[in-house]
Amino acid sequence: MPDARAERWSRLQQAAHQQAGRHLREQFATDPARAERMCVRSNGIFIDYSKNRLDDADLQQLFALADACDLRGAIHAMFAGERINSTEHRAVLHTALRAPATADIRVDGHNVVPDIQAELAHMAGFAEQVRSGQWLGHTGEPITNIVNIGIGGSDLGPRLVCDALRPIGHPRLRTHFVANVDAGRLNGLLRQLDRRTTLFVICSKSFTTQETLTNASSARAWFLAGGATEADIRRHFVAVSTHTEAVRAFGVDPANMFGFWDWVGGRYSLWSAVGLSIMLQVGPEAFGELLAGAHAMDEHFRTAPWSQNLPVLLALLGVWYVNGFGAATHMVAPYDHGLRQLPGFLQQLDMESNGKQTTRDGQPVGRATGPVVWGNSGINGQHAFYQLLHQGSQLVPADFVATLHSPDNTRPHHDIVLANCIAQAQALMMGRTPDEARAEMEAEGLSAERIAELLPHRCFDGNRPTNVILLDALTPRTLGALLAMYEHKVFTQGVLWNVNSFDQWGVELGKQLARRIESAFASGQSPAGADSSTCQLIDLARAALAARDDDSATR
Ligand SMILES: O=P(O)(O)OC[C@H]1O[C@H](O)[C@H](O)[C@@H](O)[C@@H]1O
């Protein structure tokens with residue numbers, strides 16, 4: 001007797017199979033209330049999901065799947081601080097970082113909220129000193145440039161939020177992000193900066209990440225090369241980490257360290273001290289708004305019925321296409337310049353969380369899981385990859401994320417942005433029939449031969465799904481809600497696929513092999529057992545690196 005879960009999965013496949021033959025055009029034509037019914041709003045976010053290839057009965061199937069997978073129980077377990085990160089035996093409590101100060105959230109019986117509040121106050125005190133110009137560099141000048149050195153979760157979140165909230169940033173402070181260990185990034189930036197007025201935030205949960213420590217060491221060498229002393233380091237280098245000893249060993253005064261906890265996953269950490277660069281740029285109050293917006297979305301996620309629950313609806317729609325239609329990717333197109341880093345952030349959040357094929361109890365999942373998440377600014381994409389969205393052979397479900405009220409976006413710019421966002425969703429859904437294409441070409445006065453020649457090229461299947469996600473405005477509060485919404489979408493999908501969304505063992509093998517290859521560069525010996533291709537590549541790289549060293553030795 002298949003369990004309820006298995007039963008629900010097979011019903012989903014059957015329903016998707018039935019839906020596959022239907023066209024959204026017909027569904028809109030026969031159901032004028034469709035759009036009004038298939039939209040939801042919460043916390044300054046409106047989602048129109050009516051341009052998805054399903055009907056109410058399919059939605060009920062998806063809600064039943066969520067119940068069969070005990071989604072409600074899983075949500076409760078996360079918020080209650082249970083060790084749901086099963087392979088690392090950790091709680092998952094990024095939601096606690098944005099809970100009110102009066103909350104009581106326990107890990108092993110200890111209420112973590114006072115610790116969180118104490119660290120927020122520590123961050124706020126420092127941020128106020130830097131923003132007010134009280135925090136002076138070693139030559140007695142206020143800080144003007146902040147460089148966050150971090151990668152992955154210690155980069156993508158703060159980078160996105162600082163970019164999005166730049167319009168409300170501090171007028172004297174510029175924030176920069178260095179993640180890539182390719183020195184082109186760090187050196188390129190350092191050439192523009194002044195040692196006397198630059199503050200480095202070394203951001204690393206583990207404080208063992210090679211790229212971050214290498215960049216931080218080079219930044220420190222650059223700083224000292226300008227005549228500053230070791231004692232001056234404490235005016236220009238602070239650290240964010242869960243690892244005090246490693247921070248101390250690196251040479252950053254623990255008094256200049258901002259901490260967080262192992263129950264905060266890297267890709268869920270922008271709400272913690274990892275968000276220090278955000279607080280420095282926009283101030284403690286706006287950072288508080290960001291947290292408040294995310295907390296409001298947490299409460300919505302925890303309490304709203306599935307049919308009104310924004311993260312759950314997005315999650316179920318994603319599962320519908322991945323497991324019902326075999327879609328391998330999901331595209332996210334921001335139609336707000338301030339959100340251009342959103343696809344990059346979501347790539348880590350989604351793909352590092354659900355890019356797995358092993359269940360929580362170590363069995364093969366046996367069905368498709370996390371899609372490839374990709375995307376770019378919608379307007380730019382229209383002139384680049386949208387050809388494939390409209391006429392390609394791949395089914396690519398897409399989120400279009402736009403902002404209704406955008407003070408900087410003057411007429412006619414904003415009008416054009418919103419018109420295109422809405423039009424692209426309509427075009428993907430409606431397509432263009434041969435009759436419509438013929439009529440259009442006739443109207444253009446083309447000859448019958450030319451029309452016959454072009455007709456197949458100028459038809460569009462349509463029936464291509466989009467979610468149109470509209471923010472009232474791009475404020476710290478709404479941005480907080482938006483990112484928390486996506487976090488909970490990813491969580492929900494992880495529950496349905498029964499994978500542990502909070503570990504990332506898959507990133508380790510490449511790192512280990514890289515270490516061995518680095519030693520092979522130095523030793524001249526290829527790693528034992530390495531394949532011929534790897535040996536060949538190592539030889540080529542070693543020769544190039546040796547030539548570089550000879551070159552710099554003779555200069
Ligand atoms: O913050 P860190 O410990 O330096 O880690 C930075 C990043 O690197 C790791 O390799 C993981 O892939 C990410 O989940 C993490 O965010």
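Counting starts at 1 for both ligands and their atoms, in listed order.
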Run the contact test for Gln348 against ligand 1 with a 4.0 Å cut-off on heavy atoms, strictly below, and give the result. yes
At the 4.0 Å heavy-atom cut-off, does Lys511 count as touching ligand 1? yes
Looking only at side chains, do Thr229 and Asp232 share a donor and an acceptor under 3.5 Å apart? yes
Any idea which protein heavy atom is nearest [atom], and the distance to it?
| atom | result |
| --- | --- |
| atom 12 (O) of ligand 1 | Glu352 OE2, 2.6 Å |
| atom 6 (C) of ligand 1 | Ile151 O, 3.2 Å |
| atom 5 (O) of ligand 1 | Thr209 OG1, 3.5 Å |
| atom 3 (O) of ligand 1 | Ser206 OG, 2.6 Å |

If I apply the N/O under 3.5 Å rule, does [X] come out as touching ligand 1?
| X | value |
| --- | --- |
| Gly153 | yes |
| Lys205 | yes |
| Gln504 | no |

Cation-pi, Trp497 ring and Arg367 (6.0 angstrom, 45 degrees): no
Who pairs with Arg172 by side chain to side chain donor-acceptor pair (under 3.5 Å), at least two apart in sequence or on another chain? none
For Ser204, the ligand 1 atoms with a heavy-atom partner under 4.0 Å come out as 1 (O), 2 (P), 3 (O), 4 (O)
Exercise: identify the closest heavy-atom pair between Pro334 and Leu339: CG-O, 3.2 Å
Could you label the plane-to-plane angle of the Phe502 and Tyr268 rings as parallel, tilted or perpendicular, counting under 30° as parallel and over 60° as perpendicular? tilted
Under the side-chain hydrogen bond (donor to acceptor under 3.5 Å, both in side chains) criterion, do Glu119 and Trp261 qualify, and how do the steps go? CA-CA 11 Å; Glu119 200 55 47; Trp261 305 270; over 6 Å; no
Would you say the rings of Phe200 and Phe223 are close, in the sense that their centroids are separated by under 6.0 Å? no
